Structures are given as C-alpha cells and as structure tokens.
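What you see is a predicted model; the values in this text were computed from it and never measured. We number each residue from 1, following the sequence as shown.
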Amino acid sequence: MKTSTSASTRNLVLAALFIAIIIVQVIVPFLGYIPLGLMVIGLQITIIQFTVAIAAILLGPWWGALIGGVWGLASLIQAWTTTYNIGAFLFRNPVTALVPRIMIGLVVGYTFQALAKRHRQGLGLVLSGFLASFTNTALVVLSAWATIAIFHVYFPGIPHSGTFMWLLLSLVGTNGIAEMIAGVIIVPIIGGAILRVRRSN
C-alpha cells in the first residue's frame with residue numbers, strides 16, 4: 001500500500017513539474033518555439049512535443065495525454081490572445097489545438113511501454129521522439145484541413161483549392177521534417193538520461 005501511495009505521489013509531483021515546464025515553454029520565447037523568421041504567417045519549429053513525449057515515457061500514456069492536453073489548452077489560449085496570423089488561425093479551433101497534443105501522450109506512451117517490455121528501450125526512445133512530432137504534425141494537418149473543408153473558413157494566403165496539399169507541404173515541409181529529426185536526437189538523449197537516473201535511485 002505504501003509503495004502504491006508513494007508511486008502515485010511521485011507521479012503527481014512529476015506531472016506538476018512537466019506542466020510547469022510546458023507553461024514556461026509556451027510563454028518564454030525560444031524555450032518552446034523556435035521562430036523561422038516568418039512571424040507574419042506564424043511559422044515556427046515546435047519542441048514542446050518532446051516535453052510531452054518524455055512525460056509519457058516516464059509516467060505512462062494517460063499522464064502523457066493529460067500533460068499534452070495542458071499544452072493544447074495553452075496553445076488555444078495563446079492563439080486567441082496573440083497576433084492574428086496563420087498559426088493563430090489554425091489553433092483557434094479547439095480540435096486542432098487539443099486533439100493532436102493529447103494523442104502525442106497516448107501514442108508515445110503506449111509505443112514506449114510496448115517496446116520497453118521487449119527490452120528495446122533504445123528503439124523506444126528514438127521512435128518516441130519521431131512519433132511525438134509525426135503525430136502532432138499529421139493530426140494538425142488533418143484537423144485543420146477538415147475545419148477549412150467543412151466550414152469553409154479561410155485565411156488570406158490559404159488557397160481555396162488544393163488546401164490539403166498546401167497544408168501538407170507548408171506544415172510538413174517547413175516544420176514537420178525538422179521537428180522529426182530533432183525528436184530522434186533530443187528525446188533519446190534527455191529521456192535516456194532521466195531513465196538512467198531513475199533506475200540508479
């Protein structure tokens with residue numbers, strides 16, 4: 001009973017720490033988003049998904065989903081309170097802001113657990129970094145396209161035809177590929193170090 005209570009308390013403390021880190025990353029420039037010099041259209045490389053991925057690796061998929069949801073909520077608030085650009089236009093939709101970020105926690109958490117059980121933790125860390133960015137980018141593209149296609153809401157610069165390909169090429173081409181490469185480097189380094197410390201303790 002004591003072990004179970006201790007583990008629950010530890011998870012709660014870690015979750016609170018991860019949530020605090022994400023809030024700081026959202027608020028402080030360059031800690032969570034790396035601008036690409038195209039702020040008029042709101043393009044920037046996101047690295048907060050790696051914080052969510054590491055949380056899911058350490059705490060499990062449902063805690064990861066909760067922490068991803070906090071990021072999604074912060075993205076939604078930020079989209080409604082920042083300069084109106086393409087980035088803000090996309091993330092003012094609660095589905096686009098919340099669902100991809102929640103799914104990062106679930107996808108990464110379950111994937112890492114499955115590979116760790118097979119003693120393939122190294123592969124799990126690399127794949128987690130890739131999936132964190134891939135899940136976020138793919139679901140943002142799909143939900144943004146569905147919103148534009150169904151509700152016919154447009155932003156200047158977004159074409160009225162070929163919208164899906166435009167979103168795919170612009171988001172994946174400028175952000176997604178760079179984020180996926182960063183993910184397979186950052187998550188194994190940081191996540192692996194934290195796991196080693198936890199094992200030693």
Task: Gln49 side chain vs Ala132 backbone, donor-acceptor pair below 3.5 Å - done: no
Open item on the list: Donor-acceptor check, side chain of Gln78 to backbone of Val26, threshold 3.5 angstrom: yes or no?
Closed with: yes
Open item on the list: Between Val107 and Phe134, is there a side-chain heavy-atom distance shorter than 4.5 Å?
Closed with: no
Task: Val95 versus Asn93, closest heavy-atom pair with distance - done: N-OD1, 3.0 Å
Task: Over 12 non-hydrogen atoms of neighbours within 6.0 angstrom of CZ in Arg10 - done: yes
TODO: Indicate the atoms forming the closest heavy-atom contact of Ser75 with Arg101, along with that distance.
DONE: OG-NH1, 2.6 Å
Open item on the list: Does Leu59 form a side-chain contact (heavy atoms from CB on, under 4.5 Å) with Ile67? I'd like the steps, not just the answer.
Closed with: CA-CA 10 Å; Leu59 300 173; Ile67 292 163; 4.0 Å; yes
Open item on the list: Do Ile77 and Phe91 have side chains that approach each other closer than 4.5 Å (heavy atoms only, starting at C-beta)?
Closed with: no
Task: Sidechain-backbone polar pair: Arg92 side chain, Ala79 backbone, donor-acceptor under 3.5 Å - done: yes
Open item on the list: Rounded to the nearest 0.5 Å, what separates atom OG1 in Thr135 from atom CD1 in Ile102?
Closed with: 13.0 Å
Task: Closest non-hydrogen atom pair, Leu106 against Pro61 - done: CD2-O, 3.7 Å
Task: Gly183 backbone acceptor or donor facing Ser133 side chain under 3.5 Å - done: no
- [ ] Can you measure from CG (Leu73) to CD1 (Ile23) and round to the nearest 0.5 angstrom?
- [x] 9.0 Å
Task: Atom pair OG1/CE of Thr137 and Met180 - distance to nearest 0.5 Å - done: 4.5 Å
TODO: List the atom of Val187, the atom of Ala53, and the distance in Å for their closest heavy-atom pair.
DONE: CG2-CB, 4.4 Å
Task: Minimum-distance pair of heavy atoms, taken over all atoms of Gly124 and Phe112 - done: C-CD1, 3.7 Å
Open item on the list: Using the rule given for side-chain contact (heavy atoms from CB on, under 4.5 Å), can you reason through Val52 versus Val108, listing the C-alpha separation, both sets of side-chain angles and the distance that settles it, and then say yes or no?
Closed with: CA-CA 9 Å; Val52 176; Val108 169; over 6 Å; no
- [ ] Evaluate side-chain contact (heavy atoms from CB on, under 4.5 Å) for Ile194 paired with Ile57, printing each intermediate quantity in order.
- [x] CA-CA 10 Å; Ile194 295 173; Ile57 288 167; over 6 Å; no
Task: Reported CD1-to-CZ distance for the pair Ile185 and Phe130, which is rounded to 0.5 angstrom - done: 13.5 Å
Open item on the list: Looking at Arg198 and Leu58, would you say the former's side chain and the latter's main chain have a donor-acceptor pair under 3.5 Å?
Closed with: yes
Open item on the list: My understanding is that only residues two or more places apart in sequence, or in another chain, count here; which of them pass side-chain hydrogen bond (donor to acceptor under 3.5 Å, both in side chains) with Ser143?
Closed with: Thr96
- [ ] Take Val70 and Phe18, measure what side-chain contact (heavy atoms from CB on, under 4.5 Å) needs, and give me the verdict at the end.
- [x] CA-CA 10 Å; Val70 171; Phe18 276 113; over 6 Å; no
Task: CD1-CD1 distance between Ile186 and Ile181, expressed to the nearest 0.5 angstrom - done: 11.5 Å
Open item on the list: If you compare all heavy atoms of Val99 against all heavy atoms of Leu139, which two are closest, and at what distance to 0.1 Å?
Closed with: O-CD1, 4.5 Å
- [ ] Would you indicate whether the side-chain heavy atoms of Phe50 and Ile190 approach each other to under 4.5 Å?
- [x] no
Task: Euclidean distance, Thr81 OG1 relative to Leu76 CG, rounded to 0.5 Å - done: 9.5 Å
Open item on the list: If we ignore hydrogens and angles and just use 3.5 Å, is the side chain of Gln121 paired with the main-chain N or O of Ala116 as donor and acceptor?
Closed with: no
